[in-house]
Undergrad: 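Got a structure for you, questions after.
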Amino acid sequence: MSPIKRNINDALMANARARAASSKKPQPSQPSPSKKLKPLENPQIPSSPNPKSNPLVSEPLESKPKASITDVLMKGSKKPSPSPSKKEKKDETPKLKSKGNVDECVGQLKRKESDFDLKAAAWWGEGERVPFRFLARAFDLIDKESGRIVITSILCNVFRTVIATTPEDLISIVYLAANKIAPSHEGIELGIGDASLIKAMSDSYCRQEKSIKNQLKALGDLGLVAKASRSQQMLRKPDELTVVKVLDTFRAIAKESGKDSQDKKRNHIKGLLIAAIDCEPQYLVRLLQVTTTLHFKKIKRVRHLDTQTHMSNTIFKTKLRIGLAEQTLLAALGQAAVYSEKHSTAPSHIQSPLEEAAKIIKEVYSVLPNYEKIITALLNDGVWKLPETCGFTLGVPVGPMLAKPTKGVSEILDKFQGTEFTCEYKYDGERAQIHYMEDGSVEIYSRNAERNTGKFPDVVMSVERFKKPNVKSFVLDCEVVGYDPEKQKILPFQILSTRARKGVIMSDITVKVCIFAFDILYLNGQSLLQEQLIDRREHLYNSFNEVDAEFKFATAIRSNDLEEIQRFLDTAVNSSCEGLIIKTLKKDATYEPSKRSLNWLKLKKDYMDSIGDSLDLVPIAAFHGRGKRAGVFGAFLLACYDENKEEYQSICKIGTGFSDIMLEERSASLRPKVIPKPKPYYQFADTIDPDVWFEPSEVWEVKAADLSISPVHRAAAGIVDQNKGISLRFPRLLRIREDKSPEQATSSDQVADSWDLDVSWKQPRMIKYQWKKPPARHYKINTDGSLANLGGFDAVTRI
DNA sequence: GTCCTGGTTATGC
DNA sequence: TTCAGACGTATTCGG
DNA sequence: CCGAATACGTCTGAAGCATAACCAGGAC
């Protein structure tokens, strides 16, 4: 069992015990018995006498090795009100096998694929759809496992069961297991975050939002909160929810937009939550948790007229967090296909069909990321034909090839010993994959396969200018970079990011861009994925013309000389690039979609030891961790020191670069430094709402890729700009500076100096673009100048 | 109804 | 984006 | 030569800053 799962589970058990212990405490207005988390609600984690021990895992758990988490939880929450014991019996309806059989069926899934009894795993009858509980139970099984082989095997059995009994539901269950509702380039979003989920849960479970939030802090996972909230009084029919219904509801949620859409979305969610039984709520919530919002605060204050408001929240795509993500799912799907193969047997030259099938599915998916198409083809023609039936399709984004970080030129020479390679500038912009169809239409996709065409009408227009006339179709891999055509200069990423994103029209473009092309994947009806880079590049150079301030080829050299590469890196950085990308030319030089293979390496200054920006900063506050960080601090607020004003100014949060041990050590050593309120000499935005504040006591060395002008952080505020401070791009912990005291931390003046030094080339631009007063509101107008229906996308302009 | 602001969510790196 | 940890496979080492 | 130790690749899930887009609700 991995530590991550252990922590979560232990947290639950600890809660159950805490609940039992404090059950005498009356709950004033809240009917649910399951939130007496007082010991954990205290933001000051250090309630335990021994600062080293984590209160969430401090109790030994040998007492209940057998009992499932669910059991523990139910026992805990039942104590106060043992009334609803009817539930076990009422769970059954004549149609369904008994509860015991459900357990038995699910137990089957853990068997080796080889002696797995297909039908025995399914408890739903002929003609019935796959219950969502089947998937939720499988998730629960998987959650308890840590090995990928076992997890793959369980999921494989799930798919086999569905294929054998209810093949029409395979697509739905795969989508749910993948935590998706549609291919990403279709741009369908749930529009649901933690905040909306908490509201829906509050309604469904009759709990105060506040109490849910507190429990979330303690448990570090909204899914676990849902699990703990399940009220025993609610009578639910089992298996009312099918995978199809769940997926359909998700899609319905995504469809809602416009007036009252939030209400409608919430009602959909409530419908699901209320119908959910067993371990369904936990996974429903996790599936809906497409995004995670951290730490927001609701305090009003007067703002400077020219200061925009910003929330200090960070959002991440979440995963199921049970150790199952896309790669494992694809492997499982491939294996299941082999077992269920009716159409053909594996070609004889294949020794290990299971591995081979997994590989095929992964490859096919990277080239055609569409489960509908793949599964349909899979069921119709089988795995072995998949490469033919589901190949690369013009207009569908290919997973872009990624690069591996490297620490220095010597490491590169080491890895690419004896092979020919090339070094290219790594531009600081947005990855773009441009598809040009035979009919002259253009589509642009982002790194994450989002359809970005509407964001870059200027790029769409310039295609006809930069492609040679004989080119009929292509797929280009390139970087879109902010560009000043007058000065012929690259603009920093922060400026590029101010571009509008949807429904942009030419006349309204504020930030011009230039394309830097570095690869071509498809040309005149032919896929070039299998070609070596040296040949693809030839095609690239032959098929396009550089157009001033619109289209250029990425600067590249061919060299095996350490010194020369080192110098090239320097020129790249001086030319406003992040660093270099290094690629082999002839050997292993095919385009490997979305695979982080050895073939491409990236080299940035800040990856290298003893070079790049590093600052010594003071942790002044912290946030409770989530998921595998539950029980320790997950992130800290750092500050630099202003000697003149004698104050600490926030500069960034930090949550990466810690080993598990270090994180625990830091949490332990800072707990005694917790203070009830921030010091008066702490400068920070009121949108930052940490869980605990600290006495200034430690100094940490932190590395960053870049400095940025910040709307939230206060470092060097007033020096570089009147109202804005400075923050760090990609901050990560290097080490603890035991030798320094907080007053010896990096000073605000030093931060300001680094800004001048580091971005002298971009500073004038920054002022021109960044601080131009942005009229906050946009209105949609039709091309004839009249106001458009607010729901439309025809045109956007500025008043 | 329009305008504005604050709160939330979705993306990029 | 960065980073660390766990798992699995490939390779090397030592008896 | 084989099992143990080590090295390396893959996969997962913690976490950062900054922006635009969108929605709800209050002021007018």
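A, B, ... follow the sequence lines: proteins, then strands. Residue 1 opens every chain.
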Undergrad: When you compare C/dT1 with B/dA10, how far apart are their C1' atoms, in angstrom units rounded to a whole number?
TA: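 So the two C1' atoms sit 16 Å from each other.
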Undergrad: Any side-chain N or O of A/S261 under 4.0 Å from OP1/OP2 of D/dA24?
TA: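 Yes.
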Undergrad: When the distance from CG of A/L603 to C1' of C/dT1 is rounded to whole Å, what number comes out?
TA: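 Those two atoms, CG and C1', are 17 Å apart.
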Undergrad: With no angle test and no hydrogens, is the base of D/dT19 tied to the side chain of A/S497 by a donor-acceptor pair under 3.5 Å?
TA: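 No, the side chain and the base share no sub-3.5 Å donor-acceptor pair.
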Undergrad: Rounding to an integer number of Å, can you tell me how far A/R499 CZ sits from B/dC13 P?
TA: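 Distance check: A/R499 CZ to B/dC13 P gives 14 Å.
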Undergrad: Could you tell me how far apart A/Q289 (CD) and D/dA14 (P) are, to the nearest whole angstrom?
TA: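 Between P of D/dA14 and CD of A/Q289: 10 Å.
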Undergrad: For A/K653 and D/dA14, is the shortest distance between a side-chain N/O and OP1 or OP2 below 4.0 Å?
TA: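 A/K653 to D/dA14 OP1/OP2: no side-chain N or O under 4.0 Å.
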Undergrad: Whether A/K319 contacts D/dA14 is assessed here as follows: a side-chain N or O lying under 4.0 Å from the phosphate OP1 or OP2. Is that the case?
TA: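 False: A/K319 side-chain N/O out of range (4.0 Å or more) of D/dA14 OP1/OP2.
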Undergrad: So A/L496, base contact, sugar-phosphate only, or nothing? Heavy-atom distance under 4.0 Å.
TA: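 Here A/L496 touches no strand at all.
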Undergrad: Whole angstrom is fine here: how far is it from CZ in A/F633 over to C1' in D/dA14?
TA: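 Those two atoms, CZ and C1', are 16 Å apart.
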Undergrad: Take the angle between the ring planes of A/F516 and A/Y427 and call it parallel below 30°, perpendicular above 60°, tilted in between.
TA: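 Rings of A/F516 and A/Y427: parallel, under 30°.
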Undergrad: Testing A/L663, A/V618, A/I620 one by one against A/F636 for a side-chain contact (heavy atoms from CB on, under 4.5 Å), which residue passes?
TA: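 Of all the options given, the one that passes is A/L663.
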Undergrad: Using whole Å, report how far NZ of A/K404 lies from C1' of D/dG9.
TA: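 One finds 6 Å between C1' of D/dG9 and NZ of A/K404, rounded.
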Undergrad: With nearest nucleotide decided by heavy atoms, which residue, A/L324 or A/R729, maps closer to the 5′ end of DNA chain D?
TA: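 The residue closer to the strand's 5' end, by nearest nucleotide, is A/L324.
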Undergrad: Regarding A/E411 and A/K415, does a basic nitrogen lie under 4.0 Å from an acidic carboxylate oxygen?
TA: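 Judged by the 4.0 Å cut-off on N to carboxylate O distance, A/E411 and A/K415 do form a salt bridge.
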Undergrad: Nearest to the side chain of A/S659, which nucleotide is it out of D/dT19, C/dA4, D/dG16?
TA: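 Selected nucleotide: C/dA4.
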Undergrad: Got a donor-acceptor contact below 3.5 angstrom from the A/D721 side chain to the A/K724 backbone?
TA: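 Such a contact is found between A/D721 side chain and A/K724 backbone.
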Undergrad: Pairing donors with acceptors under 3.5 angstrom, does anything connect the side chains of A/S614 and A/E701?
TA: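 Yes, because at least one side-chain N or O of A/S614 sits under 3.5 Å from a partner of the opposite role on A/E701.
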Undergrad: Does the side chain of A/D194 pick up a donor-acceptor pair with the side chain of A/Q289 at under 3.5 Å?
TA: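 The criterion, which ignores hydrogens and geometry beyond distance, is satisfied for A/Q289 and A/D194.
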Undergrad: Within the structure, does a side-chain N or O atom of A/S708 lie under 4.0 Å from either OP1 or OP2 of D/dA18?
TA: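 The answer is yes; a side-chain N or O of A/S708 sits under 4.0 Å from OP1 or OP2.
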Undergrad: Quick one: is B/dG12 close enough that its OP1 or OP2 comes under 4.0 Å of any side-chain N or O from A/S446?
TA: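 For B/dG12, OP1/OP2 do have a side-chain N/O of A/S446 under 4.0 Å.
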Undergrad: Taking any heavy-atom pair under 4.0 Å as a contact, classify A/I149: base, sugar-phosphate, or nothing.
TA: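 Sugar-phosphate, backbone atoms only, no base.
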Undergrad: Checking all strands, does A/K362 fall into the base, sugar-phosphate, or nothing category for heavy-atom contacts under 4.0 angstrom?
TA: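 A/K362: backbone/sugar contact only, no base atoms under 4.0 Å.
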Undergrad: So, OP1 or OP2 of C/dC3: does either fall under 4.0 Å of a side-chain N or O from A/R732?
TA: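 Looking at the OP1 and OP2 atoms of C/dC3, one of them is under 4.0 Å from a side-chain N or O of A/R732.
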Undergrad: Measure from the side-chain heavy atoms of A/R321 and tell me the nearest of D/dA14, C/dT1, B/dA10.
TA: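 Selected nucleotide: D/dA14.
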Undergrad: Give A/K259 one of three labels, base, sugar-phosphate or nothing, depending on what nucleic acid heavy atoms sit under 4.0 Å from its own.
TA: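 Result for A/K259 = sugar-phosphate.
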Undergrad: Phosphate oxygens OP1/OP2 of B/dT8: is one of them under 4.0 Å from a side-chain N or O of A/S196?
TA: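 A/S196 to B/dT8 OP1/OP2: no side-chain N or O under 4.0 Å.
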Undergrad: Just how far, in rounded Å, is P of D/dG13 from CZ of A/R629?
TA: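 Going from CZ in A/R629 over to P in D/dG13 covers 14 Å.
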Undergrad: Only one of A/L617, A/L734, A/L733 passes side-chain contact (heavy atoms from CB on, under 4.5 Å) with A/W700; say which it is.
TA: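 Answer after filtering A/L617, A/L734, A/L733: A/L733.
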Undergrad: Determine: side-chain N/O of A/N448 to OP1/OP2 of B/dG12, distance under 4.0 Å, yes or no.
TA: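 Checking A/N448 against B/dG12: at least one side-chain N or O falls below 4.0 Å of OP1 or OP2.
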Undergrad: Do the rings of A/F518 and A/W600 sit parallel, tilted or perpendicular, given the 30° and 60° boundaries?
TA: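 It falls in the perpendicular class, over 60°.
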Undergrad: Under 6.0 Å from the ring centre and within 45 degrees of the ring axis: does the NZ or CZ of A/K602 meet both conditions for the six-membered ring of A/Y607?
TA: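 No, cation not above the ring by the 6.0 Å, 45° rule.
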Undergrad: Show me the protein contacts with nucleotides 10-12 of chain C, counting only N or O atoms at under 3.5 Å.
TA:
none

Undergrad: Roughly, in whole Å, what's the span from CZ in A/R148 to P in D/dT10?
TA: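 Atom CZ in A/R148 sits about 11 Å away from atom P in D/dT10.
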Undergrad: Need to verify one output field. Residue with the more 5' nearest nucleotide on DNA chain D, A/D263 or A/A325?
TA: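 Per heavy-atom nearest nucleotide, the more 5' residue is A/A325.
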Undergrad: Ignoring the backbone of A/F493, work out which of D/dC11, D/dG16, B/dG12 is nearest its side chain.
TA: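 The answer is B/dG12, which lies nearest to the side chain.
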Undergrad: Which distance, rounded to the nearest 0.5 Å, do you find between the CG of A/D606 and the CZ of A/R729?
TA: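 Separation between the atoms: 9.5 Å.
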Undergrad: Picking from D/dA18, B/dT11, B/dC13, which would you name as closest to the side chain of A/E189?
TA: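 From the listed options, B/dT11 comes nearest.
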Undergrad: Closest to the A/K502 side chain: C/dG5, D/dA21, C/dT2?
TA: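 So the side chain of A/K502 is nearest to D/dA21.
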Undergrad: Any base atoms under 4.0 Å from A/K455, or only sugar-phosphate, or nothing? Heavy atoms, all strands.
TA: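 Answer is nothing: A/K455 stays at 4.0 Å or more from every strand.
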Undergrad: Would one find a side-chain N or O of A/Q494 under 4.0 angstrom from OP1 or OP2 of D/dC17?
TA: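 Negative; the distance criterion is not met.
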Undergrad: Hey, does the side-chain of A/R501 have a donor or acceptor N/O within less than 3.5 Å of a partner on the base of D/dT19?
TA: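 Such a pair is found, so the answer is yes.
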Undergrad: Round to the nearest Å and state the distance from A/D221 atom CG to D/dA15 atom P.
TA: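 About 11 Å, once rounded to whole Å.
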Undergrad: What integer number of Å spans the P atoms of C/dA4 and B/dG7?
TA: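 Approximately 36 Å lies between the P atom of C/dA4 and that of B/dG7.
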